[in-house]
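Numbers here are sequence positions counted from 1.
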Amino acid sequence: MSQPQYTTAQATALTNHDRKPIHIPGSIQPHGILVALSTQLEILQVSNNTQVYLCKAPEDLLGLPLSYLLEPQPVEIVKQCLVKKVGSANAFKVLINTLYGEIYFDAIAHRTEEAVILELEPTDSEFEVSFLNFHSFASEAIAKMQRTSNLGEFLHLVAQEVQKIIGFDRVMVYQFDESQAGSVVAEVKREDLSPYLGLHYPATDIPAQARELYTRCFLRFLPDLTAEPVKLVPTENPTTHQHLDLSYCLLRSFDWCCAEYHQNMGVKALLVISIIQEQKLWGLISCHHQTPKYISYEVRKMCEFLGQIVSSELAHKISNSEWDYKVKLKSLQSEFLESISQADNFIDALIKPEIRLLDLVSASGAAVCLDNEITLVGTTPNIHEVQALIEWTDTQVSDNLFSTDSLPKVYQKALIFKDTASGLLLLRISKIRRYYILWFRPEVIQTVHWAGNPQESMQAQPDGSYTLSPRKSFEQWQETVRLTSLPWKACELDSAIALNNAIVGIVLSKADELAKINLELERSNQELASFAYAASHDLKEPLRGIYNFSTVLLEDYAQVLDDDGIECLQTVVSLSVRMETLINALLRLSQLGQAQLRLQATDLNELLNQVIDIFRASRQDSGLVDIRIPRPLPTVLCDRVLVNEVFSNLLGNAFKYNDKAEQWVEIGYFSQEEAGEQRGRGA
């Protein structure tokens, strides 16, 4: 929901107001007594109204043991607070003898960090409310609330049941939003009072420190907003020399601003019950009465208990109202993530079909950014606007998940495309690589009904500063809210986070698969290299026998052979030499990944002549082999064996795939200068 826009001076006033130490007012409300005790249960401070209730001046009580006021049994109950956690209370009835006679009090004791605090409220009843009475009083209301599944009906029923118990003129259920502003979502009232149902209130109406106290202390009761507070004597705790922390005190006095605010609404008595959801303040049951009205401690405890039941039941009601939508998101999520995990193309898996990516968070458009490649889906700003937005998020957004329902307010350039992207949900998949998914929502113009103009709370001072003052009017005031989209729900943000976690998991899984494949390839290459080495090594032995025996025949038996026989033996010798060269090359190739090239200055003419001789010897049955060399080849730095293979393969392929009637091959080269000239001519 929109919040009022404030100047720097106004924002400073709000900050100062939020810092007011309302938990240490140094005073209490006058309908009871407060006694602050040391850990030895000696009286350190008392409220300045003990004379009214106990017929004893504060000065007459300071420094005395608690046993001066109470009998041993209630003293022992107070002593038990010393071993409890801060804020835990013991409640009991106590009888105190005074000059007025015997007076019964509701006693509430609790421990703070520096003291034990005992609060005493006079009561007409000397009996504790039995569990059976308590149960019968509250069980019917609880049963009704549990039978109601609809959230709106449930909250209205809560207001009805609380109003039955306390009889106040107006009982409202007030819900906070993400900005800590709030609205009245249920109301039961006297017929002649103006309705507040549906009205909105700015966050300043319930400052941060008040919300924090409501989270710690579940019930706040102000029976008379016109009553003068009662000071503590002495003002500061004599042990710590600081104001006493009254955070958990039922009698804690109220801030003048709170009193004036409610009196401007015509309220004289106030009861507020906290509604806690997931350990956070979800809302308040706020009860107003037009005249001062006292409620007994027992009835207040019933209201507090009812508030705890409401807090417990609320989770189920909210779950029921959002369940269908969450189930839909979960189902879509599962289907989506499965398709991503099985896809070969990551982008295609994200955007095809495109509606899945949008439905995942109920967006109208999306942009997928993988490094410099951006893919747009649905209704979005144009590609240049998205690029500029990503540049902005790189410098301004540090979180992996960022959402806003009013992008133009934080990124001014978004005004241009507010119709398509007033709302932004950004998911940063990788900080190392530029991997983003951006979802967009269009502007939705809303009319917000405020309880009075929230800007009237700011009062300008002569020096140019501002103070926060209670509004005078709570008449309905309309505001048209622009540049905002529908807000992103918590379950939609969870859906985006789940997508991110799944993508990271899939990437890691793919990396594991790739690592396994690389390991298998490495093992296969090693096995292949071992085989090639073994095979090449074993081939050398029979080849050496062929060469040796052919040489023996030429040397010792040439006289019994004719010219054709001698030529054949010479060819066998040449081919065996060629074969040994090939085997050596195979051995070298099997070790290429493990050894460096053997570079040496090589005369290509000499190398080429050897290749041609062997080539011609192996193709004697094919007739004349015409190989032309227009000019001598240069001497180059190369691996002699491997270049030998290059020449052999080039020659073999040139003749093998030549279908011309006259077959010939020309071998030549270009210098660097000649190669440049050829490129310049387009050759």
Side-chain angles (χ1 to χ4, degrees), residues 529 532-533 536 539-540 543-544 546-548 550-551 553-555 558 561-683:
Y533 182 83
S536 302
L539 284 174
K540 279 191 171 184
L543 182 63
R544 200 171 291 113
I546 294 172
Y547 176 83
N548 290 337
S550 298
T551 304
L553 288 173
L554 283 173
E555 291 178 353
L561 297 174
D562 57 15
D563 293 340
D564 289 339
I566 291 173
E567 188 176 350
C568 286
L569 282 175
Q570 288 173 341
T571 301
V572 169
V573 171
S574 298
L575 289 176
S576 63
V577 171
R578 163 68 175 156
M579 186 65 177
E580 185 177 16
T581 303
L582 287 173
I583 290 173
N584 288 333
L586 184 59
L587 280 170
R588 290 290 312 283
L589 284 171
S590 70
Q591 299 171 349
L592 272 182
Q594 306 164 16
Q596 294 183 347
L597 295 175
R598 297 177 182 176
L599 300 179
Q600 56 182 314
T602 303
D603 184 350
L604 293 183
N605 297 290
E606 178 186 343
L607 185 63
L608 181 58
N609 288 331
Q610 293 175 2
V611 171
I612 291 172
D613 289 343
I614 294 173
F615 182 75
R616 283 177 171 158
S618 63
R619 291 176 57 90
Q620 287 185 350
D621 57 340
S622 301
L624 180 64
V625 177
D626 189 2
I627 299 174
R628 304 172 185 177
I629 305 175
R631 59 175 176 171
L633 301 178
T635 297
V636 299
L637 193 65
C638 67
D639 187 308
R640 184 181 183 90
V641 173
L642 295 181
V643 173
N644 183 296
E645 288 304 303
V646 170
F647 278 143
S648 298
N649 288 325
L650 287 175
L651 280 174
N653 290 335
F655 282 102
K656 183 177 180 180
Y657 300 105
N658 192 332
D659 58 356
K660 300 284 182 67
E662 183 183 357
Q663 293 186 352
W664 58 275
V665 172
E666 182 177 309
I667 300 175
Y669 72 96
F670 287 119
S671 65
Q672 288 184 348
E673 294 80 6
E674 292 169 335
E677 292 175 2
Q678 290 289 331
R679 284 194 296 270
R681 290 195 296 266

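Distance check, rounded to the nearest 0.5 Å: CD of E666 to CD1 of I627 gives 12.0 Å. Here the CG atom belonging to D563 is positioned 9.5 Å from the CD atom belonging to Q570, to the nearest 0.5 angstrom. The distance from the CG atom of N605 to the CZ atom of R631 is 11.5 Å, given to the nearest 0.5 Å. Atom CZ of R640 sits about 5.0 Å away from atom CD of E606, to the nearest 0.5 Å. In this structure, the separation between CD1 on I667 and CG on L608 is 4.0 Å, given to the nearest 0.5 Å. One distance of note links CD1 of I612 with CG of L651; it measures 6.5 Å at 0.5 Å rounding.
When all heavy atoms of D626 and Q663 are compared, the pair lying nearest together is CB-O, 3.7 Å. Taking all atoms of both residues into account, the shortest heavy-atom contact from L637 to A601 is CD1-N, 3.6 Å.
Contact check for L633 versus L607: no side-chain heavy atoms found under the 4.5 Å cut-off. Put simply, the side chain of F647 reaches to within 4.5 Å of the side chain of L604, judged on heavy atoms. Side chains of V643 and T602 form no contact here, defined as non-hydrogen atoms less than 4.5 Å apart.
For the pair D603 (side chain) and T635 (backbone), a donor-acceptor distance under 3.5 Å is absent. A donor-acceptor pair is defined here as one N or O able to donate and one able to accept, closer than 3.5 Å; such a pair exists between the side chain of N653 and the backbone of N649. Between the side chain of S648 and the main chain of V646, no donor-acceptor pair closer than 3.5 Å is present. When atom types are taken as modelled, the side chain of R628 and the backbone of G668 share no donor-acceptor pair closer than 3.5 angstrom.
Remark: E555 pairs with T551 by the side-chain contact (heavy atoms from CB on, under 4.5 Å) rule, at least two apart or across chains.
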